[in-house]
Every structure is written in structure tokens, then in C-alpha cells.
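Shown next, in C-alpha cells, is the structure this report addresses.
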2 protein chains.
Amino acid sequence: MKLAAVDVRQAASAADIVYDALRKAIIDGDLTEGENLRQDQIAQMFNTSRIPVREALSRLEQHGLITTERYKGAVVAGLSIEEIDEIFEFRALVEAEVMRLAVPNLDHETLAAARRHCEEFGLETDSARWGEINRSFHYSLYAASKRPYYLQIVRTSLDRIDRYLRAQLTLTNGVMRANREHEAILAACLKGDAELASRLTRDHVLDAGRSLVAFLKDQRA
Amino acid sequence: MKLAAVDVRQAASAADIVYDALRKAIIDGDLTEGENLRQDQIAQMFNTSRIPVREALSRLEQHGLITTERYKGAVVAGLSIEEIDEIFEFRALVEAEVMRLAVPNLDHETLAAARRHCEEFGLETDSARWGEINRSFHYSLYAASKRPYYLQIVRTSLDRIDRYLRAQLTLTNGVMRANREHEAILAACLKGDAELASRLTRDHVLDAGRSLVAFLKDQRA
DNA sequence: ATATTGTATATTGGATCCAATTTTTCTATC
DNA sequence: GATAGAAAAATTGGATCCAATATACAATAT
């Protein structure tokens, strides 16, 4: 008897599913700052008991995406202007270094993929997708750094501020500038100029941070 | 009626207690790499049910301190040489920057505390305490950077490699050199030379990483 | 004797129930 | 009608019980 080999992959646990869904909802901004997260309500949404929900909430709290208080429950964490500023500063430091380390390892395939993401970003008209494509562009280059720990940190940092970034990315001029900066970074990568790519990445992140902070200061005032 | 003001602090939940205890045991090296963590056994140790234990394990997994597999359980995570190397490289980047940012904010009190930790490190003979004092010294300076997010990241990074570092810190020559480097960093801080303090911190971390990696390569061969 | 199959045990993930505490609602009183 | 206090509802953290699966070991066939 002949059978095709089937990749029986481990099914994710309920806690994993709930965690992934809530994380996505928070970084997408579908759950807004300060919003209450009732264990019971979430459990019903996912057709589970509160146990896996609590585990998911506990993980989210570890990553700073929510805060919890006994007998009170969990709320989506908000960030102060100062905290947002600090995270952008941190990202600029780490992502610039990741970019520097990535350039020597970039091959044609990776560069082609990055170019596709870059073009896609320029052509996309659905503002809801900009954030996602933006991540894809940067990550496709960052991956060449072969620094999984750095990338994990970048991911958790980005998770914290992504929803604010998306709010600001809906402003068209922000997208235009981001697109120009992406092209400049890509050009530096094609030239193999690690220092330039690193500096441009740093400025790209700091720029985004500055305009976001300005946007939020205005909005919150 | 007069009552002394009592700091009624929120009692930590059982999950918090278990998490803290396990985290400490892992970073202190009391739980060794690959060691099995049975929920039932841990629950009995802390006189609780498995529920808070599972929550604690879930958090530890998020921080990379353990790995879990369904129906198999949790084991203390081990790090490859490459992973350790990467974490030291990362720490060097971030801690150098934190040090640079801290120097302009250092006041007499902070410097005095750092000096005390530095001297304590030189005088301490109990090798088990070196790791702890080492952290105190660096953190006392880092705190002046006023960058809570950076510091949180530094903490989780240090958590991952602390037990290896402690194993290596038992070698007296490692402590001697660390002590000299601490004094040099402190001197740069006293001079208010942020660039120098930053560079020395970077080298201090990279040095520790290099000798640790050499030590482990030898040990694991 | 060895390999294979079946069974018992160990262990995890999840459901349901309980205790503690907060928040809300209702009621009695002014 | 407003307010203080009590009862009810809501909500969380934890304990106990159940289902699913892996591992260890015994029984059996070759």
C-alpha cells in the first residue's frame, strides 16, 4: 500500500488561538486603548472556558499590551507620548543595527522580494493594509541579518506602537514620505552600502516617530 | 484612635509567586538546562493547584526561559553558543546606548551608590553573589538614563544568559577583569564622558561574551 | 530472543465549580 | 428628591474534575 506522507502538524491550543487573535486585534487597533476585556465575554466568543482566555491575557500582559488588576479585569494598555517616543528611539537603534548586519547577506532573491513589497506599498490604496506591507518590506530585509533574537525584540517593540502608527499612516503625506524612504533604503541595499542603509533606516524610524508624536500631541490636546 | 500608616500592598497572586520563584531558580542556575518541570510537582511545592503553575509556565515560555510541548511538559530552555553570542552582541548595543544616555543625568547620589556596588563587587568572596552585585552596579547607572523600556529589554536579555554568566564568573580572573572594567566605567561616568563610558560598557559586555563563549565551547566540547 | 501489539500510567489542556471582592442596584430614611 | 446602607450581580483567581495523548511496560506472536 502506498500513502502520501501527510504533515500532521500540532494543532494550536485554545490559549494560543485566543492569544493570537487578541494580539492581532490590539495591534490592528480593533480593540482600543482602555477597552475592557472580560474573560467571560472573550471565552464565549471563542467557545471555550475562561482558562485558556486567562492564559492568553497573562501572556499579553507580559508583552505590555494589556494591564490587569485583580477583581477589576484587563484593559488594553495605553501609551503615553513619552513611552511612544522612547520605543521609536529604541527601534531606531536596533533596526539600524539589524539593517547594517543584513546588507552583507542580501541576495538577489531577497532584494527582489523587498522590491515587490516596496512597489506594493506604493500602489496599495487600502490604508488598512499599509501597516502590514510596511512590516513585510522591512522584515524581508531584516531577515538577512540572521539575528533571530534582535528580530524578536523588534517584533515586540513594533507590536506596542503599531496601532498608533497605523492611525498616522492613514495620512497620505505620511505614506508618500515613507514610500520615498523605503526606496532610498532599498537603493542603498542594492549598492551594498551597509552604513547608508543603516543610517537611512534609523532616520526612517525616527521620522515616523516624530510625525506620529506630533500627530498624537495634536490629537490628544 | 491612631493607626500607623500601613502600606497595604496588593498581595501577589499565586501565579505571580510561582513565576517569580521559577524565574529566579532558572536565572540562578538552580534549575538546569533541559530539566523537566512537572506541573503537578511544582504545584505541590507551592501548595497550589496546577492552574497558577500553568500560568507561570506560560509566562516563562513567552520570555524564552522554558519551552513547552503538549503532553510532554516544560523543560528549562538551553541556548546554543550562537544564541548566547547574539544576545551578548545585542546587550552590547543596547547597554552602550543606555550608558551614553545615562551619563548626563548622573548625580552625586547615584554615583556614590554605583561606587559602593563597585567596591562591594571587588570585596565579595562569595561567588554566588557576584552576579547579583554585578547587576546592581550596572542598573544603578543605567537607571539614570530614564529609559524604562530599554531597561526592561535589558532585563529580559540578561535573564536569558545570567546563569551561564554566573558559571563563568566563578573563575577568579573573570571577576578580576570585570572589576577593573567596572572601575574604568565608573571613572568615565565621574568625568562625565558619555562617549567613553558608552564605549567601555560595550567592550565590557563584549569581553564578557567572548570569554563566556570560549568557556562554554571548551566545556561543551 | 526479538519485534509488535495492547494496556496501564503519567501528564497536559480544558471545563466546571467555588471563594473572594468589586461594582451595581435597590430600598429605607431624611 | 437625595443619600446612606444593604442586598444582588458581576467578575476574577483558584481548586477539582474530565478528556486527550504520550510514554513505559507487559503480553504475545514470529
Side-chain angles (χ1 to χ4, degrees), chain A residues 1-3 5-23 25-26 31-78, chain B residues 6-23 25-26 31-78:
Chain A
M1 179 170 62
K2 253 185 150 179
L3 279 180
V6 174
D7 179 15
V8 179
R9 61 178 55 217
Q10 175 78 281
S13 70
D16 291 338
I17 293 170
V18 174
Y19 172 75
D20 288 341
L22 289 178
R23 169 179 169 269
I26 293 173
L31 290 171
T32 59
E33 180 175 324
E35 190 160 349
N36 271 32
L37 300 175
R38 299 285 168 219
Q39 294 178 2
D40 225 341
Q41 169 195 345
I42 298 168
Q44 282 175 16
M45 284 179 185
F46 290 90
N47 261 323
T48 67
S49 75
R50 283 168 39 231
I51 297 290
V53 173
R54 278 173 48 188
E55 207 177 300
L57 292 175
S58 172
R59 290 186 212 171
L60 289 168
E61 190 179 19
Q62 293 297 302
H63 289 299
L65 292 178
I66 65 172
T67 61
T68 68
E69 215 173 325
R70 193 165 189 175
Y71 306 120
K72 298 273 193 70
V75 296
V76 178
Chain B
V6 174
D7 180 15
V8 178
R9 59 179 57 219
Q10 174 78 282
S13 69
D16 291 338
I17 293 169
V18 174
Y19 171 75
D20 288 342
L22 289 179
R23 169 178 169 270
I26 292 173
L31 290 172
T32 59
E33 181 175 322
E35 191 159 347
N36 271 34
L37 300 175
R38 299 286 167 217
Q39 293 178 3
D40 224 342
Q41 167 195 348
I42 297 168
Q44 282 176 15
M45 284 180 185
F46 290 90
N47 261 321
T48 68
S49 74
R50 282 167 39 230
I51 297 291
V53 173
R54 278 172 49 187
E55 207 177 299
L57 293 175
S58 172
R59 291 186 211 171
L60 290 168
E61 189 179 21
Q62 293 296 303
H63 288 300
L65 292 178
I66 64 172
T67 61
T68 68
E69 215 174 326
R70 192 163 190 174
Y71 306 121
K72 297 270 194 72
V75 295
V76 179

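Throughout, protein chains are lettered first and strands after them, A, B, ... in sequence-line order, and every chain is numbered starting at 1.
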Requested in this report: Check every strand shown and say whether B:R54 touches a base, only sugar-phosphate, or nothing at a heavy-atom separation below 4.0 Å.
Outcome: base

- Query: With respect to the phosphate group of D:dT11, does any side-chain polar atom (N or O) of A:K72 fall under 4.0 Å of OP1 or OP2?
  - Reply: no

Shortest non-hydrogen pair, B:R38 vs B:G73, comes out as NH1-CA, 4.4 Å

Residue set satisfying side chain to side chain contact (heavy atoms under 4.5 Å, CB included) with A:T67, at least two apart, ordered chain then number -> A:V75, A:A77

Sorted by chain and residue number, the side chain to side chain contact (heavy atoms under 4.5 Å, CB included) partners of A:E61 (sequence neighbours excluded) come out as A:I66, A:T68

So CG of B:L65 and CG of B:L37: to nearest 0.5 Å the spacing works out to 10.5 Å

In short, A:T48 meets A:A14 closest at the heavy-atom pair CG2-CB, 4.1 Å

Sorted by number, residues from residues 42-53 of chain B placing a heavy atom under 4.0 Å from DNA chain C are B:R50, B:I51

### Task
For A:L37, answer base if it contacts any base atom (sugar-phosphate contacts may also be present), sugar-phosphate if it contacts only those atoms, and nothing otherwise; contact means non-hydrogen atoms under 4.0 Å.
sugar-phosphate

Heavy-atom nearest pair, B:V18 first then B:A56, reads CG1-CB, 3.6 Å

Chain A reaches DNA chain C, atoms under 4.0 Å from its heavy atoms, from C:dG13 to C:dT23

The side chain to side chain contact (heavy atoms under 4.5 Å, CB included) partners of A:Q44 (sequence neighbours excluded) come to A:D40

Applying side chain to side chain contact (heavy atoms under 4.5 Å, CB included) to A:Q62 and not counting sequence neighbours gives B:Y19, B:R59, B:H63

Heavy-atom nearest nucleotide on DNA chain C taken for A:E55 and for B:R38; more 5' hit belongs to B:R38

